[in-house]
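Reviewing the structure listed below.
No experiment lies behind these values; they were computed from the predicted model shown. We name chains A, B, ... by the order of the sequence lines, and we start the count at 1 in each one.
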Amino acid sequence: MSIQNIKGMRDHLPRAMLLRQYIVSTIQQISERYGFEPLQSPVVEYAELLEGKLGDDEKLIYRFADQGGRQLALRYDQTVPLARVVAQYAGQLALPWRRYAYGPSYRGERPARGRYREFYQFDADIVGSASPLADAEIVALLSDSLAALGFPDFVTLLNHRQLIGGIARVSGLDEAAAGSVYRAIDKFDKIGADGVREELLRSGVVPTAAAAILTLVQTEGEAGAVLNELAGHLASDERACAAIANLRAIIAALENLGISPARYTVAPRLARGLSYYTGLVFEAITPHWPEGSLLGGGRYDELIGQFAGRPIPTVGLAFGIDRLHDVMEQLNLGPRSNGTAVAFVTIFGPEQSAASMALAQALRKAGINTLLSLEPQISLGKQLKEADRRGARYALLLGPDELARGEVVLKDLRSGEQHSLERAQLIEVIRASA
RNA sequence: GUGCCUGUAGCUCAAUGGCAGAGCGCCUGACUGUGGAUCAGGAAGUUGUGGGUUCGAGCCCCAUCAGGCACCCCA
């Protein structure tokens with residue numbers, strides 16, 4: 001028997017978990033501020049439910065049979081399960097429905113930094129609305145969340161599927177060629193203009209078309225200006241014009257929601273691989289994470305309704321918690337606490353342990369996270385060392401002198417200062433510093 | 001899934017095919033009512049695992065597991 005974890009699946013020790021919980025609770029708090037409601041569904045689904053949605057990626061699905069011979073699979077993302085839930089509980093869910101979901105998904109990929117076989121996502125989607133306000137609310141949620149997590153300089157790149165489609169069409173390409181065009185364009189930030197040109201030519205795009213695509217795709221600047229320029233080039237393509245109008249409406253909504261224009265830009269080069277996107281697509285990037293996007297999302301108007309048998313327009317995003325964790329660790333963002341306790345109650349000796357236990361319970365009753373020493377015999381010095389190591393802000397000491405006076409010594413482990421206080425005062429002081 | 005690199009103390013890393021090492025952390029003491037800083041001492045290893053070559057393997061070869069990078073794809 002080998003004592004080790006499965007490839008691409010990680011254990012998260014307390015220090016890492018504290019950061020992960022901070023990330024998740026921050027995003028959850030903001031999602032609820034936007035009125036999103038929680039959903040949880042099983043990690044296991046019938047295999048056939050997940051099949052036929054991913055194309056080539058289906059080989060990455062973890063499949064197995066249970067003891068009853070059922071063909072099952074671990075969920076690949078939280079979007080297909082959402083589609084099932086929406087179809088199955090149609091009568092109970094009033095649309096539009098804003099839902100968030102947090103949990104693991106599984107893909108049998110080759111692991112790398114920021115990329116795992118078991119990975120945790122926090123999804124937020126607005127189900128059942130085609131309104132550009134829905135798109136804007138999702139982008140606003142993204143922007144508020146990254147800001148709350150402390151990212152100093154992220155930017156959300158916005159694009160529209162039919163904008164890329166239009167660029168391909170006015171360059172003389174048909175729908176069949178569009179797939180390889182998307183993939184080539186998507187690598188723009190990684191391989192540069194020349195690299196994209198090479199890829200386009202290799203996949204059969206004629207040089208004049210490749211040149212046209214590259215020009216349009218590199219349009220940059222303030223969102224409105226980019227759209228105006230693209231509108232000039234794409235006037236002959238009806239769907240592209242509609243896409244531009246849609247992006248204008250989304251951007252107007254972002255302005256009305258007070259999202260800083262420095263936080264987003266229109267980037268025609270953004271493609272995103274997932275095939276089910278139908279409208280807006282977006283990605284948040286930061287210069288400190290060259291490996292790629294922090295997170296992304298978009299509008300997918302066909303996927304959610306396919307089990308329900310009618311189109312249900314949906315827009316959403318997925319926060320990759322593992323990736324956010326890795327980036328924040330690298331950038332030294334977020335809390336760096338060693339534990340959950342604020343106070344550490346020492347035990348002077350066996351005769352004083354009852355008093356210490358009573359004090360610990362009093363603090364806990366007052367809502368203060370409190371560790372109680374477990375070893376009355378060991379020296380005070382070691383108990384203080386333990387308090388320090390567990391990240392407690394305060395140590396409480398009560399020896400014979402304090403007990404005789406009915407007081408407790410409160411030692412601030414950060415400053416080293418200590419005072420002898422009465423119990424009521426004690427709780428006030430600790431609460432005031434929290 | 002394909003190609004390349006890596007795996008040595010709890011952590012970060014040294015060690016021409018010839019005695020298994022350092023820093024940090026940990027433990028003990030200086031300090032029997034006070035943590036961090038300093039000083040002194042100490043414990044710590046089947047060199048990822050299994051085979052092979054060799055008088056001799058941490059080092060070379062094969063397999064396997066895990067991690068990283070590039071494809072691919074994406075969170």
Sequence neighbours excluded, the answer for side chain to side chain donor-acceptor pair (under 3.5 Å) partners of Gln352(A) is none
Taking the same atom, C1', in rC59(B) and in rU16(B), what whole-Å distance lies between them?
-> 10 Å
Taken in chain and number order and not counting sequence neighbours, the residues that satisfy side chain to side chain donor-acceptor pair (under 3.5 Å) with Ser41(A) are none
Taken in chain and number order and not counting sequence neighbours, the residues that satisfy side chain to side chain contact (heavy atoms under 4.5 Å, CB included) with Glu118(A) are Met9(A), Pro104(A), Tyr106(A), Tyr120(A)
Separation of rC74(B) atom C1' from Leu294(A) atom CG, nearest Å, is 14 Å
With sequence neighbours left out, the residues meeting ring pair (Phe, Tyr, Trp, His ring centres under 6.0 Å) with Tyr22(A) are none
Rounded to whole Å, the CZ-C1' distance (Phe151(A) to rA75(B)) equals 13 Å
Rounded to whole Å, the CD-P distance (Glu198(A) to rC71(B)) equals 13 Å
- Taking atom types as modelled and ignoring hydrogens, do the side chains of Arg10(A) and Tyr116(A) form a donor-acceptor contact shorter than 3.5 angstrom? yes
Practice item. Provide the distance between the two P atoms, one in rA40(B) and one in rA22(B), to the nearest whole Å. Key: 15 Å
(request) Take atom P in rG25(B) and the same atom in rG33(B), then report the distance between them in whole Å. (result) 27 Å
Gap in Å between the two C1' atoms, one belonging to rU49(B) and one to rG45(B), rounded
15 Å
Hits for side chain to side chain donor-acceptor pair (under 3.5 Å) against Arg393(A), two or more places apart or cross-chain, chain-then-number order -> Asp412(A)
**Study point:** salt_bridge(Glu199(A), Lys187(A)) N-O dist < 4.0 Å
**Key:** yes
Same-atom distance (C1') from rC27(B) to rA63(B), integer angstrom = 40 Å
Sugar-phosphate only, base, or nothing, as touched by Ala387(A) at under 4.0 Å among non-hydrogen atoms
nothing
Correct closest heavy-atom pair for Thr314(A) and Asp301(A) would be N-OD1, 3.2 Å
Between CD of Glu329(A) and C1' of rC11(B) the distance, given in whole Å, is 14 Å
Sequence neighbours excluded, the answer for side chain to side chain contact (heavy atoms under 4.5 Å, CB included) partners of Ser131(A) is Ser129(A), Leu133(A)
> Using atom C1' of each nucleotide, how far apart are rG3(B) and rU8(B) to the nearest Å?
Replying inline: 27 Å
Sequence neighbours excluded, the answer for side chain to side chain contact (heavy atoms under 4.5 Å, CB included) partners of Ser31(A) is Ile27(A), Phe36(A), Tyr100(A), Phe122(A), Leu141(A)
Pairs under 3.5 angstrom only: tabulate donor-acceptor contacts from the side chains of residues 375-383 of chain A to other protein residues two or more places apart or in another chain.
{"from": "Ser379(A)", "atom 1": "OG", "to": "Lys382(A)", "atom 2": "N", "distance (Å)": "3.2"}
{"from": "Gln383(A)", "atom 1": "OE1", "to": "Ile347(A)", "atom 2": "N", "distance (Å)": "2.8"}
{"from": "Gln383(A)", "atom 1": "OE1", "to": "Ser373(A)", "atom 2": "OG", "distance (Å)": "3.0"}
{"from": "Gln383(A)", "atom 1": "NE2", "to": "Ile347(A)", "atom 2": "O", "distance (Å)": "2.9"}
{"from": "Gln383(A)", "atom 1": "NE2", "to": "Ile378(A)", "atom 2": "O", "distance (Å)": "3.1"}

The dot-bracket string of RNA chain B, counting Watson-Crick and G-U wobble pairs with both distances under 3.5 Å, using [ ] for crossing pairs and | for pairs to another strand, is (((((((..((((....[..)))).(((((.......))))).....(((((..]....))))))))))))....
note: Met9(A), atom CE; rC65(B), atom C1'; distance rounded to Å ~ 15 Å
Between Ala318(A) and Ala112(A), the residue closer to the 5' end of RNA chain B by nearest nucleotide is Ala112(A)
Could you run down the sub-3.5 Å N/O contacts of the protein with nucleotides 1-6 of chain B?
{"from": "rU2(B)", "atom 1": "O4", "to": "Arg110(A)", "atom 2": "NH1", "distance (Å)": "2.7"}
{"from": "rG3(B)", "atom 1": "O6", "to": "Arg110(A)", "atom 2": "NH2", "distance (Å)": "3.2"}

Reading nucleotides 27-40 of chain B from 5' to 3' and marking B where a protein heavy atom lies under 4.0 Å of the base, S where only the sugar-phosphate is that close, and - otherwise, the string is SSS---BBBB----
Asp326(A) atom CG is separated from rC69(B) atom P, nearest whole Å, by 10 Å
| message | Students often get this wrong, so: under 4.0 angstrom with heavy atoms, is Phe319(A) touching a base, only sugar-phosphate, or nothing? | response | nothing
How far does the P atom of rA15(B) sit from the matching atom of rG21(B), given to the nearest Å?
14 Å
With rounding to the closest Å, how many angstrom separate the C1' atoms on rU54(B) and rA66(B)? 29 Å
- Is it true that the side chains of Tyr300(A) and Asp125(A) contain a donor and an acceptor less than 3.5 Å apart? yes
note: Tyr120(A), atom OH; rC74(B), atom P; distance rounded to Å ~ 23 Å
Contacts satisfying salt bridge (Lys or Arg N to Asp or Glu O under 4.0 Å) that involve residues 259-269 of chain A (not counting sequence neighbours) are Asp189(A)-Arg269(A)
Taken to the nearest whole Å, NZ/Lys7(A) to C1'/rG67(B) is 8 Å
